[in-house]
Undergrad: 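If you scroll down you'll find the structure; I have some questions about it.
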Amino acid sequence: MAVLVTGGAGYIGSHTSIELLEAGHEVIIVDNLCNSDKIVLERIKELSGKSPKFYEIDITDKEKMEVVFKENKINSIIHFAALKAVGESVAMPVEYYSNNLISTLVLFELMKKYNVKNFVFSSSATVYGDPEKLPILEDSSLSVTNPYGRTKLMIEDMLRDIYYADNSLNIAILRYFNPIGAHKSGIIGEEPNGIPNNIMPYITKVAVGQLPHLNVFGDDYNTVDGTGVRDYIHVLDLAHGHVKALEKLSENPGIVTYNLGTGRGYSVLELVKAFSKASGKEIPYKITDRRPGDIASCYSDPTKAEKELGWKAKYGIDEMCEDSWRWQSQNPNGYKK
Ligand code: NAD
Ligand code: UDP
């Protein structure tokens, strides 16, 4: 099956592309490399033994995207491409709305013209806002607090409208919890620009000595040790979830929504401890004020994905930490030499 993977050079997209190639799919990657590196394409080939087709194109450019649809018989689309930094989205809302919304609309315009029916969308647990009930089920109420999150919820709403108007489509909305970890080879992984916002790349940068200590954002939450609790999920489990979602779409399910998480929450201090055990590195930390907009706890109920997709996360926190560490310690400067 020919799968168009937007954002396939990025963190989750690169791991998923390998999984798709290994499962026998043809992969066509479109990425403008605004948050990734061309070398990832070579590494995908090295790891999977197969070359994805690659177009360096901005998806918001409809004319250029049309060439991709003309040149390939696309069966399904997995749409990872997006700007994704919460803080940056507050400072640059126009860029976020423009990039994330227009890219999705361009894809749907071309899907209609070229009769492509299957679409998988990268959503996020951020659409649950501050959850009323834990663990979080897919039918929980939705609310967002920043422009990045709003682009995700707006696109989800758009997808529901688009499906309502055209029931021949098959759409999977995948709500990721907190992706960490890296490929077992240690040659692809997460490479954030500048000082990381997310906790795992921050911890690994402390471990390689590029940052002096971790700031733990608050220890007065109502959690096991006062620090924030999240449902960390290995990027390889996420990648596998996308292959399962494509299989599901081939059964013509209409529009479906799944949580991709482990169902288990870990506090910041528990994560730091697991990382130290996996890496043998002490992570110095300082407790600071809460980060504005953060919530105390967020973890999934992933049983719907297990029942309907036959998907369940298989990696635990220790392996997530080991694999994040292998990537960072082997590539202290990421993809840059
Ligand atoms: P990433 O930044 O590593 O990958 C996104 C890729 O999309 C990058 O390679 C970037 O160059 C590309 N891109 C962005 N805009 C583009 C455009 N207009 N045209 C072409 N390419 C474009 O991010 P990621 O962590 O792999 O995230 C993938 C998706 O998953 C995103 O939609 C993100 O919002 C979502 N998500 C990520 C997380 C997370 O913590 N990493 C959590 C929940 C949801
Ligand atoms: N966190 C932290 N220090 C950091 C980054 C994050 O203490 O430098 C905490 C944050 O408050 C939250 C958890 O780690 O409780 C996960 O944060 P992250 O930004 O990775 O993901 P989020 O769940 O906010 O999307």
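Heads up: numbering here begins at 1 and tracks the sequence. Ligands are counted one by one from 1 in listed order, and the atoms in each one are counted from 1 as well.
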Undergrad: I need the nearest protein heavy-atom contact for atom 25 (O) of ligand 2: residue, atom name and distance, please.
TA: Asn178 ND2, 4.0 Å

Undergrad: Please report which non-hydrogen protein atom sits nearest to atom 23 (O) of ligand 2, along with the residue it belongs to and the distance in Å to one decimal place.
TA: Arg230 NE, 2.6 Å

Undergrad: Quick test of your reading of the model: are Lys314 and Glu319 salt-bridged, counting only N-O distances below 4.0 Å?
TA: no

Undergrad: Taking heavy atoms and a distance under 4.0 Å, where does Thr6 meet ligand 1: side chain, backbone, both or neither?
TA: neither

Undergrad: Which is closest to atom 17 (C) of ligand 1 in terms of heavy atoms, Asn35, Thr151, Asn32?
TA: Asn32

Undergrad: Answer side chain, backbone, both or neither: which part of Lys152 comes under 4.0 Å from ligand 1, heavy atoms only.
TA: side chain

Undergrad: Please work out which of the three classes, parallel, tilted or perpendicular, describes the rings of Phe80 and Tyr176, given edges at 30° and 60°.
TA: tilted

Undergrad: Return the option from Thr227, Thr288, Ile199 holding the heavy atom at the smallest distance from atom 14 (O) of ligand 2.
TA: Ile199

Undergrad: Hey, which atoms in ligand 2 end up nearer than 4.0 Å to a heavy atom of Asn197?
TA: 5 (C), 19 (O)

Undergrad: I'd like to check which ligand 2 atoms, numbered from 1 as shown, lie under 4.0 Å from a non-hydrogen atom of Val216.
TA: 7 (O)

Undergrad: Please confirm whether Ser103 approaches ligand 1 to less than 4.0 Å, judged on its heavy atoms.
TA: no

Undergrad: Evaluating non-hydrogen atoms only, which member of Phe80, Tyr55, Phe177, Tyr11 is closest to atom 32 (O) of ligand 1?
TA: Phe80

Undergrad: Side chain or backbone of Asn198 under 4.0 Å from ligand 1, or both, or neither, by non-hydrogen atoms?
TA: neither

Undergrad: Checking a contact table here: which protein heavy atom is nearest atom 10 (C) of ligand 2, and how many Å away?
TA: Asp294 OD2, 3.4 Å

Undergrad: Out of Val268, Ile195, Asp231, who is nearest to atom 9 (C) of ligand 2 when you count heavy atoms only?
TA: Val268

Undergrad: Heavy-atom contact check, 4.0 Å cutoff: does Tyr285 meet ligand 2?
TA: no

Undergrad: Tell me which one of Phe121, Tyr148, Tyr176 gets a heavy atom nearest to atom 33 (C) of ligand 1.
TA: Tyr148

Undergrad: Could you tell me the residue and atom name of the protein heavy atom closest to atom 18 (P) of ligand 2, and the distance to it rounded to 0.1 Å?
TA: Asn198 ND2, 3.5 Å

Undergrad: With a 4.0 Å cut-off on N to O distance, would you call Lys336 and Asp37 a salt bridge?
TA: no

Undergrad: Out of all atoms in ligand 2, which are within 4.0 Å of some heavy atom of Gly228? Include the element for each.
TA: 15 (O)

Undergrad: Out of Gly149, Gly8, Gly13, Ala81, who is nearest to atom 7 (O) of ligand 1 when you count heavy atoms only?
TA: Ala81

Undergrad: Return the option from Phe217, Tyr266, Tyr232 holding the heavy atom at the smallest distance from atom 8 (O) of ligand 2.
TA: Phe217

Undergrad: As a check for students: among Leu174, Asp31, Ile12, Val5, identify the option with a heavy atom nearest to atom 11 (O) of ligand 1.
TA: Asp31

Undergrad: Taking only heavy atoms of Asn215, which atoms of ligand 2 are found under 4.0 Å from at least one of them?
TA: 2 (C), 3 (N), 4 (C), 7 (O), 8 (O)

Undergrad: Strictly under 4.0 Å, does any heavy atom of Ala125 approach an atom of ligand 1?
TA: no

Undergrad: Distance to 0.1 Å, residue and atom name: give those for the protein heavy atom nearest to atom 24 (O) of ligand 2.
TA: Arg291 NH2, 3.0 Å

